Number of protein chains: 2
Amino acid sequence: MESIETPGYRPLYKQVYDVIVRRISQGEWRPGQSLPSETALARDLSVSQGTVRKVLDALTAEKLLERRQGKGTYIAENTQERALFRFFRLSRPGGERLIPDRAWEKVRLRPSRALERLKLDLGRTDKVIEIRRVRAILGRPCIRETIIVPAALAPGLESLAPLPNTLYSLYQSRYGINITQAHEELRAGLADDDDAAEIDVLPGQPLLLIDRVAVSLEDRKVEWRQSRCQSADIVYAVNLT
Amino acid sequence: MESIETPGYRPLYKQVYDVIVRRISQGEWRPGQSLPSETALARDLSVSQGTVRKVLDALTAEKLLERRQGKGTYIAENTQERALFRFFRLSRPGGERLIPDRAWEKVRLRPSRALERLKLDLGRTDKVIEIRRVRAILGRPCIRETIIVPAALAPGLESLAPLPNTLYSLYQSRYGINITQAHEELRAGLADDDDAAEIDVLPGQPLLLIDRVAVSLEDRKVEWRQSRCQSADIVYAVNLT
DNA sequence: GAGTGGTCTAGACCACGCA
DNA sequence: GCGTGGTCTAGACCACTCT
């Protein structure tokens, strides 16, 4: 069963969970592909089908897998739509979801700053890729973003312009990085002259400020993103459950 | 098995799920109490223990139940701490959670307004209870709230002052209403003179505006809450998963 | 030791997708 | 018709709590 020892005793299903997550994160199974069937996995790992099922169900709940009855179990793909739906929370008041477009972007590779190293757990000499961009909604520039990515995680990202609308699908397809969670902090702020020059807002008007750190399946901090959003007819929607 | 028919065919575990949710929402089992054991429930409902387990695990994931190995399965209580942790997302930048206190409050019973009827699915003649209050953090008034509750759901609420810090524990303990989810929309706004008079902010400073509708286990809209939060050193924290 | 939930197994049958 | 995941069952043993 591929080096599953018993360090102080972990339940079997947790050991199976770790094996499967490791295989996915090491690229043994790739996004969009199907896993072996439950019975094949159970035989391979020398556990019962029920134990495999418990793990696959858990990973499905975490949105890392997708199960299709009659077909198989697949590695979830961070498609554009899916990533937008999952990690982009802006909508019209009342609920209608909004889809942002790129207005413009500037990408460069540069040394990291102290705050960036703190946010992303980087070392003193690590470089970062800085993405500055403005996003538009229905043709109207509404969001200014500064995105910081450790250069070591995404080599060559700075020369891939134009970047796709959702970076997370790029991280997954090109760099094998699965973004599984993000931590956000929201504040209110005031638009300054730079904001007014780039997005559809006047100086002194209120902006919604979003500070996000995105984390990968392997628990690495992959991206620090600061967004400044026009807040006149756009809201940030959350469901607390 | 208590009137479980097969309307077009629902899986057994869904039928069991419905029965258990109904018993909880009808008060047959009350918060803090323990449910019968898995084996007793299985016998009672004429299903296998595994099917009962699947349902209890699901309800535990939804935070409606709590399971304690060796002791039993309990109806989750919306204690102050728990409700704050689950539904109050304001914290210091960086993550330290904040605990609000009541500064003052005014409660009254009055006819509903059109927007309130829309938000809470009320009829033309339904009355509401309006709670206006200011909450303080570390002694500093930071949040202005207006809370609207259908009078029919919480009779006598207007004469219960002073209200507890977390209304949700009161809804549960006094009215048998379990708040299981809430939908929030966040915007940025500017402080006006009324804000400046009541909370620690100057006119024209940015405020975080939160619009929340809380929903019960039975899918009734129980509360519409509008909050205006000082946003200088308070952030709204979200984990996207 | 008795009773509870937690883990694990083995096997049956159903529902779905596809060739 | 075959292979897949989805549901359901029955039973064994473990880990924890309380008396």
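Hydrogens, waters and symmetry mates play no part in the numbers below; they use all other heavy atoms, side chains included. Throughout, a chain's letter reflects where its sequence line sits, starting with A, and its residues are numbered from 1. If you're wondering where the values come from, they're calculated on a predicted model, not measured in any experiment.
- Looking at B:Thr166 and B:Gln80, their side chains do bring a donor and an acceptor atom within 3.5 Å of each other.
- Between the CD atom of A:Gln49 and the C1' atom of C:dT9 there is a distance of 11 Å, rounded to whole Å.
- For B:Gln69, counting side-chain heavy atoms from C-beta on, the closest listed nucleotide (D:dA15, C:dT4, C:dT9) is D:dA15.
- In this structure, B:Lys71 does not reach the C:dG3 phosphate: none of its side-chain N or O atoms is under 4.0 Å from OP1 or OP2.
- Not one side-chain nitrogen or oxygen of B:Thr51 sits closer than 4.0 Å to the OP1 or OP2 atom of D:dT7.
- When the side-chain nitrogen and oxygen atoms of A:Arg67 are compared with OP1 and OP2 of D:dG6, one or more of them lie within a distance under 4.0 Å.
- Note on A:Arg97 versus A:Glu81: no salt bridge recorded, every NZ/NE/NH1/NH2 to OD/OE distance being 4.0 Å or above.
- For the 3.5 Å distance criterion, the side chains of B:Gln226 and B:Thr146 fail to qualify, holding no donor opposite an acceptor.
- Out of D:dC8, C:dT4, C:dT9, the shortest distance to the side chain of B:Pro11 is found at D:dC8.
- With D:dA15, D:dT9, C:dT7 as the choices, the nucleotide that has an atom nearest any side-chain atom of B:Ser48 turns out to be D:dT9.
- Between B:Ser37 and the phosphate of C:dG3, there is no side-chain N or O to OP1/OP2 separation shorter than 4.0 Å.
- Summary of the strand contacts: A:Val52 and B:Thr73 both lie near DNA chain C, and taking for each the nucleotide with the nearest heavy atom, the more 5' one is attributed to B:Thr73.
- The side chain of A:Arg53 sits closest to D:dT7 out of C:dC8, D:dT4, D:dT7.
- Of the candidate nucleotides D:dC8, D:dG5, C:dT9, C:dT9 has the atom lying nearest to any side-chain atom of A:Leu12.
- Checking B:Glu145 against B:Ser227 by side-chain atom types alone, a donor-acceptor pair falls below 3.5 Å.
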